[in-house]
*Asks:* 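Sharing a structure, written as C-alpha cells. Questions coming.
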Amino acid sequence: MKFFIDTANLDEIRQAHALGILDGVTTNPSLMAKEGIKGRDNILKHYKAICDIVEGHVSAEVVSTDFKGIVEEGELLASIDEKIVVKVPMIKDGVKAIRHFYKNGIKTNCTLVFSAGQALLAAKAGATYVSPFIGRIDDVGGDGLDLIEQIVNIYNNYGFETQVLAASIRHVPHLIQCAEIGVDVATCPLSVILGLLKHPLTDVGLERFLADARKTME
Ligand code: E4P
C-alpha cells in the first residue's frame with residue numbers, strides 16, 4: 001500500500017518525507033489556494049518544489065473543463081517534471097482527455113469520483129489512478145468505504161491496471177479500513193499519517209520502560 005500526502009504545504013511534505021514512508025503527493029486547487037500561491041508561474045514553480053522533495057508521483061490538477069484546455073494544461077503540467085501526474089476531473093471532456101493522455105504516455109489521476117460507474121469509466125479510459133472521495137461521501141450521509149470496496153472488486157474482476165487511490169480520508173479508521181479493503185494508495189493529511197503512530201499503551205509502556213531503565217543506571 002502506498003502512502004501519499006494530501007497537501008500543497010512544503011513543510012508538511014518535508015515532515016512526511018523525513019519519516020521515510022512517503023510514496024507521493026496529491027494536491028488540488030483548494031490546497032494550492034490555502035498556501036496562497038497565485039499566478040501560473042508561481043503555481044508551476046510550486047509543483048516543481050514539491051517534486052524536488054519527494055521521490056514518487058505528484059498529482060497536479062488542471063482547472064480547464066474543455067478537452068482542448070485540459071490537454072494543453074495537462075501537457076504543460078507534465079512538462080514540469082517526470083513525477084507529475086495530471087489530475088483530471090470526472091467529466092465528459094475529462095474522460096476524453098484521460099484517454100488522450102494515456103495514448104501519449106502522460107500519467108493521470110481521475111479526480112472527483114463518487115460512484116462505481118465513474119470509476120469504471122476512468123479505468124476504461126486508461127487513468128493511472130482513480131480518486132474516490134471517501135470523506136465527502138460520508139459528509140452527505142453515504143458510505144465512502146462501501147464505494148472503495150465496490151471499485152476494488154470491479155477492478156479485480158477485470159484486472160484493470162488503474163490504481164485505486166483512496167482520497168478525502170479524514171481520520172485513522174478510514175485509512176485502516178482502506179488497507180483492509182486493499183486499496184493501492186491512500187492519500188491523507190499529515191495529521192492522519194502521524195495519527196498512525198499513536199496508542200495510549202505505547203505512551204504508558206514507554207514511560208514505564210524509561211523509568212525502569214533509570215533505576216538500572218542508579
Ligand atoms: C485528493 O486528491 C483530494 O483532492 C482530496 O483528498 C480531497 O479531500 P477533502 O475532501 O478533504 O477536501
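Atoms within each ligand, like the ligands themselves, are counted from 1 in listed order.
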*Asks:* With hydrogens left out, which residues have an atom under 4.0 Å from ligand 1, given that only heavy atoms count?
*Replies:* Asp6, Thr26, Asn28, Lys87, Phe133, Arg136, Ala167, Ser168, Arg170

*Asks:* State whether the side chain of Tyr129 and the backbone N or O of Asp184 hold a donor-acceptor pair below 3.5 Å, judged by distance alone.
*Replies:* no

*Asks:* Mind checking what makes side-chain hydrogen bond (donor to acceptor under 3.5 Å, both in side chains) contact with Asn156, not counting sequence neighbours?
*Replies:* none

*Asks:* Is Thr111 reaching over with its side chain to a backbone N or O of Val88, donor-acceptor style, under 3.5 angstrom?
*Replies:* no

*Asks:* Does Asp146 have any side-chain hydrogen bond (donor to acceptor under 3.5 Å, both in side chains) partners at least two apart in sequence or in another chain, and if so, which?
*Replies:* none

*Asks:* Only counting residues at least two apart or in another chain, list the ones meeting side-chain hydrogen bond (donor to acceptor under 3.5 Å, both in side chains) with Glu12.
*Replies:* Thr7

*Asks:* Counting only heavy atoms not in Lys48, do more than 12 sit closer than 6.0 Å to its NZ atom?
*Replies:* yes

